[in-house]
There are 2 protein chains.
Amino acid sequence: MPVNCCRKKKGNQNNLDEINMEKEITIVNEQRLIKLLKQNSLSITDSRKKILQLFLEQNGALAHGDIERKAGEKFDRVTVYRTLQVFVDKGIIHTIPTADNSIRYALCKDECGEGHHHDHHVHFVCNSCNNTYCLDDVVTPGIKLPKGYSANHVEVVVEGVCKNCQ
Amino acid sequence: MPVNCCRKKKGNQNNLDEINMEKEITIVNEQRLIKLLKQNSLSITDSRKKILQLFLEQNGALAHGDIERKAGEKFDRVTVYRTLQVFVDKGIIHTIPTADNSIRYALCKDECGEGHHHDHHVHFVCNSCNNTYCLDDVVTPGIKLPKGYSANHVEVVVEGVCKNCQ
DNA sequence: TATCTTTTGCAACATTGTTGCTTTTTTTAT
DNA sequence: ATAAAAAAAGCAACAATGTTGCAAAAGATA
């Protein structure tokens with residue numbers, strides 16, 4: 001019920017201390033996680049909260065393996081597969097193709113919904129730290145195709161060295 | 001030695017008829033295959049010839065699975081993996097990342113060589129026939145990256161409906 | 001043709017992804 | 001709050017994909 005994750009309030013997190021003594025960030029996110037799941041008419045389960053949290057805490061994209069490693073001790077491999085699939089279907093995360101045959105997943109911006117993704121940004125893979133980032137502000141360019149071809153979606157993946165690794 | 005695959009001559013293929021009664025195209029390619037392998041200082045083996053032939057005969061790109069199916073009765077799975085790896089290393093073929101986690105391979109144009117690929121064209125995946133094509137004439141656009149990022153390579157994959165499926 | 005080098009096939013294994021079914025958890029309606 | 005219904009998780013078994021070491025076979029070299 002208390003959905004105040006976006007409104008600034010100062011020093012009012014103490015009422016939650018007795019419920020959960022873990023890091024503050026966890027508590028804050030708990031609200032956001034539940035809200036996000038409800039918005040997508042998904043039932044609230046531990047694995048969905050945990051995996052969604054990984055994405056919210058993560059700057060870049062996550063490969064299935066990453067998620068399995070970070071959440072795998074608590075959850076079955078199959079659950080991770082199914083959860084990611086549900087998130088993709090609902091438009092919560094999107095996939096990023098990479099050259100090494102390991103699909104990465106990253107959070108969608110709010111325009112995506114069930115059955116329709118609208119991620120028109122460029123993806124960046126750093127050859128140094130091997131992270132994958134969504135460059136949300138870099139819009140995919142239009143591609144002029146030969147006669148007879150029509151495009152549904154354009155995916156651009158740039159490889160190089162990221163901001164942090166220069 | 002007879003390296004005349006590119007020069008036009010008329011009606012001179014009969015001298016090969018007694019050696020191999022199979023389809024003409026096979027004979028012609030045999031010369032080309034050997035030439036190509038030698039150019040890349042690779043030893044001439046049945047599997048390399050066969051797999052290279054698949055690429056030369058194929059308009060679009062091939063997934064590992066395709067190749068295994070088409071050449072798999074004669075060759076071991078491991079050989080297919082190793083052959084593709086060698087071809088990529090030598091700059092004979094290049095990889096195309098796709099959203100379904102199945103890397104495709106396609107022939108490189110001559111500018112590629114050992115250790116350096118120069119494939120600057122756009123790739124096209126048809127949602128109807130599921131083929132992947134190199135659009136050799138469509139050059140990858142320049143992408144303006146945020147401050148701090150530097151690009152080594154830009155990969156563009158367009159999804160849509162191809163010429164043949166419209 | 002004999003020798004040396006490279007490649008292949010095989011076996012075994014590791015990783016990744018899928019499916020069916022039972023148990024557990026979550027939701028919904030009392 | 002509780003019981004019934006619905007959804008999700010876990011488990012096991014399997015399928016597909018990819019890797020490695022080594023012995024046998026094929027190719028290159030002289």
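Everything numeric in this text was worked out from a predicted model, so none of it was measured.
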Rounded to whole Å, please give me the gap between NE2 in His64(B) and C1' in dT16(C). 14 Å

What string of B, S and - do you get for nucleotides 3-9 of chain C 5' to 3' if you count protein non-hydrogen atoms under 4.0 Å? ---SSBB

Determine whether the aromatic ring centres of His64(B) and Tyr81(B) lie less than 6.0 Å apart. yes

Gap between atoms CD1 and P, on Ile67(A) and dG17(C) respectively (whole Å): 11 Å

Any side-chain heavy atom of Lys163(A) within less than 4.5 Å of one from Cys126(A)? no

If you apply the rule side chain to side chain contact (heavy atoms under 4.5 Å, CB included), what do you find for Leu135(B) with Ile143(A), and how did you get there? CA-CA 11 Å; Leu135(B) 303 181; Ile143(A) 304 285; over 6 Å; no

Between P of dA14(C) and CZ of Arg77(B), the distance in whole Å: 15 Å

So Leu42(A) and Ile92(A), do their side chains get closer than 4.5 Å, heavy atoms only? yes

Between Lys74(B) and Ser47(B), does a side chain to side chain contact (heavy atoms under 4.5 Å, CB included) hold up when you go through it step by step? CA-CA 8 Å; Lys74(B) 277 196 71 180; Ser47(B) 64; over 6 Å; no

Heavy atoms, side chains only, cut-off 4.5 Å: are Gln39(B) and Leu36(B) in contact? yes

Write down the atom of Tyr133(A), the atom of Cys162(A), and the distance for their closest heavy-atom approach. CE1-CB, 3.8 Å

Nucleotide interval of DNA chain D bounded by contacts with chain A (heavy-atom cut-off, under 4.0 Å): dA7(D) to dG18(D)

Looking only at the side chains, is there a donor atom on one of Asn152(B) and Glu159(A) sitting less than 3.5 Å from an acceptor on the other? no

